[in-house]
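Right, one structure below, let's go through it.
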Amino acid sequence: MKYTEAVIAACLALTPARIRPLREEQWRADLLDGPSVGISTASLLFGAACSSAASRFYDLTHRGGNLLSQITKEKNMKLVLGTLGTAVVLAGAVAVSVQANATTPQDPGSQLRASMAEAHIGGYMGWWNSTPLDGSPLGPPDVVAVNTNTGTIVDYFNRAKADAGQQTLASDSTYQVAPDPTWPASSVVIIDTATDKVIDSFPVDEKGRVIYTLEDGTKFAG
């Protein structure tokens with residue numbers, strides 16, 4: 001139990017602050033129900049580690065041009081290296097646990113997919129709702145994330161409320177969505193509600209998980 005709590009705590013520390021409550025709720029629900037359907041605790045923890053690392057990587061790589069222009073500065077390079085190092089150590093530790101706790105032949109990959117199959121993602125991180133780097137401009141004051149397959153708002157961010165420590169839900173937005181046929185299919189578009197302009201977009205799967213594409217063309221959802 002202590003090991004499980006330690007891993008969850010490390011995963012939450014690595015996860016961007018705004019989506020920590022959502023991810024913690026999902027992970028703890030999986031840990032509660034997963035073993036009863038044959039999914040080991042170690043595999044569920046491995047899934048949490050991968051999810052937190054992917055979220056942090058997305059956050060670091062989607063903060064806009066200011067991050068790219070400042071990435072070579074010492075403090076930002078330390079941030080990137082420190083984050084990647086934490087992700088590697090965390091994933092490695094959980095992977096060792098998977099091997100140590102396996103009592104019967106298992107396929108960790110299939111267990112990971114099963115444990116995350118029902119996870120509907122409802123919070124996204126990007127330059128539009130991240131804490132800006134020192135000296136960088138703020139993003140839009142009010143944005144919504146719209147799933148282009150359903151035309152519904154799946155996430156909402158208001159900077160004033162965030163600065164006041166208030167959490168916002170998709171249902172809090174009063175923005176009226178006007179679906180546009182030019183929007184990319186199977187994606188989430190980020191709309192600046194003050195201008196109705198799409199300021200960012202990214203592909204997602206049927207559960208709303210972001211689809212990442214590696215340099216070799218391999219794709220994965222996380």
Side-chain angles (χ1 to χ4, degrees), residues 11-27 29-30 47-68 80 83 87 116-133 136-163 165-175 177 179-180 183-214 219-222:
C11 290
L12 290 172
L14 186 60
T15 301
R18 185 167 180 269
I19 59 174
R20 282 174 191 166
L22 174 67
R23 291 298 169 86
E24 181 177 14
E25 180 181 357
Q26 293 173 339
W27 294 336
D30 288 341
C50 292
S51 176
S52 61
S55 296
R56 177 58 65 181
F57 177 77
Y58 180 81
D59 185 35
L60 287 174
T61 55
H62 288 75
R63 290 194 177 198
N66 283 294
L67 177 59
L68 295 178
V80 174
T83 299
M116 298 181 69
E118 297 305 317
H120 291 261
I121 303 303
Y124 300 98
M125 291 297 298
W127 61 267
W128 62 88
N129 62 5
S130 295
T131 301
L133 298 173
S136 62
L138 293 173
D142 193 87
V143 299
V144 292
V146 177
N147 187 299
T148 61
N149 287 340
T150 63
T152 58
I153 295 175
V154 293
D155 197 14
Y156 171 56
F157 174 76
N158 180 281
R159 191 167 298 280
K161 291 184 178 181
D163 290 343
Q166 301 176 27
Q167 185 176 5
T168 54
L169 303 174
S171 57
D172 295 331
S173 175
T174 59
Y175 182 77
V177 177
D180 188 328
W183 288 349
S186 300
S187 297
V188 164
V189 292
I190 307 300
I191 300 175
D192 180 350
T193 61
T195 63
D196 294 326
K197 292 183 178 179
V198 173
I199 58 176
D200 205 351
S201 66
F202 44 87
V204 296
D205 67 4
E206 69 280 1
K207 301 295 184 182
R209 296 171 296 191
V210 179
I211 298 176
Y212 300 94
T213 302
L214 302 180
K219 296 184 178 181
F220 71 95

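Distance OG1/Thr15 to CG/Leu12: 6.0 Å, rounded to 0.5 Å. Rounding to the nearest 0.5 Å gives a distance of 11.0 Å between OH of Tyr156 and CG of Leu169. Annotation: the span from Asp163 atom CG to Asn158 atom CG amounts to 9.0 Å, rounded to 0.5 Å. To the nearest 0.5 angstrom, Asp142 atom CG is 7.5 Å from Thr174 atom OG1. From Phe220, atom CZ reaches atom CZ of Arg209 across 11.5 Å, with rounding to the nearest 0.5 Å.
Taking each heavy atom of Val177 and Gly151 in turn, the nearest pair found is CG1-O, 3.5 Å. Summarising the geometry of Val204 relative to Val210, their closest heavy-atom pair is CG1-CA, 4.1 Å, with the distance given to 0.1 Å.
Within the 4.5 Å cutoff, the side chain of Trp127 has heavy atoms near those of the Pro140 side chain.
By the 30° and 60° cut-offs, the orientation of the rings of Trp128 relative to Phe202 is parallel.
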Please output the side-chain donor-acceptor pairs of residues 184-192 that fall under 3.5 Å, not counting sequence neighbours, one pair per line with the distance.
residue, atom, partner, partner atom, Å
Ser186, OG, Asn149, ND2, 3.4
Ser187, OG, Ala185, O, 3.0
Asp192, OD1, Ala194, N, 3.0

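Put simply, the side chain of Asn129 gets close to the backbone of Tyr124: a donor and an acceptor are under 3.5 Å apart.
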